[in-house]
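Note that this is a predicted model, so its numbers are computed, not measured. Both counts, for ligands and for their atoms, begin at 1 and track the order of listing. The basis for the numbers below is simple: all heavy atoms, side chains too, and nothing from hydrogens, waters or symmetry mates.
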Amino acid sequence: MGRREFLLKAAAGAPILALGSVYVLAGEDEDAKARAMKRPDGQPRLPPGQHVITKLKPMGGTPGEPGAKSYRLKVHGDVEKPFTLDFKQLLGLPQEEIEADVHCVTTWSVIGATWKGVSIATLAEKAGVKDTARHVIFEAAHGYTANAPLDEVVKPGNLIAHRHEGRPLARAHGAPVRALVPDLYFWKSAKWLVGIRFAERDEPGFWETRGYHNHADPWKEERHA
Ligand SMILES: Nc1nc2c(c(=O)[nH]1)N[C@H]1C(S)=C(S)[C@@H](COP(=O)(O)O)O[C@H]1N2
Ligand SMILES: [Mo]
């Protein structure tokens, strides 16, 4: 397909073939609709500089162990009762199914996908987070980390997710378990999650030490430092 045809199809919202996978560039209509919708906090559903696509793009990274059987999640740091959960124990905690939008710093957004998992607030409560904790460090396979303020992580709508769109999470998207912090750019949502560490001091993570913004609010376009 030539560039012109590609652009015409993209503008018409037709499915296009990109890098071997089919993505629907949902088109300007969908962008305008999502921008006109308001969130409960009054912000537009689609943050500035973003456009809507219909499904997650696999954005890479080095996958962790795929098996649910050997999976362990460590909840530790500035807490009274650190603990480790296997996958079965994670499923034994109260499960939440939510609809959440995600916003990737590369300018795509997915609006209204479903996610299932355990609320990070549930894990924080179980661990007994100390008053001195101010930050959360997500720890993933192969040393990937992402940091975020405690009060923006321990709140409703943030999950340790193991299902997406009614199916187990795909390996490319972090199976068996990833973080989901939808109100910050998606790089904060660590895939192949192995630890949640509560910390007194901030600790900029993988992308935050490579030029990305430490906070990553999509409505403020906190893309780069
Ligand atoms: N462990 C790990 N998690 C990660 C990454 C990574 O490289 N390793 N990349 C991040 C980035 S930059 C993005 S945009 C999202 C992409 O998630 P997706 O591939 O499911 O779309 O995952 C984030 N989580
Ligand atoms: Mo990214």
Report yes if some heavy atom in the side chain of K188 is under 4.5 Å from a heavy atom in the side chain of W207; otherwise report no.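 Side-chain contact under 4.5 Å: no.
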
R197/E203 ion pair, N-O < 4.0 Å: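 Salt bridge flag = yes for E203 with R197.
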
Any carboxylate oxygen within less than 4.0 angstrom of a Lys/Arg side-chain nitrogen, looking at R39 and D101?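 Salt bridge between R39 and D101, a charged N being under 4.0 Å from a carboxylate O: no.
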
Is the distance between the ring centroids of H103 and F186 under 6.0 Å?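 Not under 6.0 Å, so no.
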
Strictly by modelled atom types, are E165 and H173 linked by a side-chain donor-acceptor pair under 3.5 Å?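 No - no donor-acceptor pair under 3.5 Å links their side chains.
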
Got a sec: does the NZ of K38 have more than 12 other heavy atoms crowding it under 6.0 Å?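 Yes - once you tally the heavy atoms of other residues, nucleotides and ligands closer than 6.0 Å, there are more than 12.
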
Distance under 4.0 Å, heavy atoms only, partner ligand 1: which residues pass?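 Lining ligand 1: K57, P58, M59, G60, G61, C104, W108, A140, Y144, A172, H173, R178, F186, W187, S189, A190, K191, W192, W207.
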
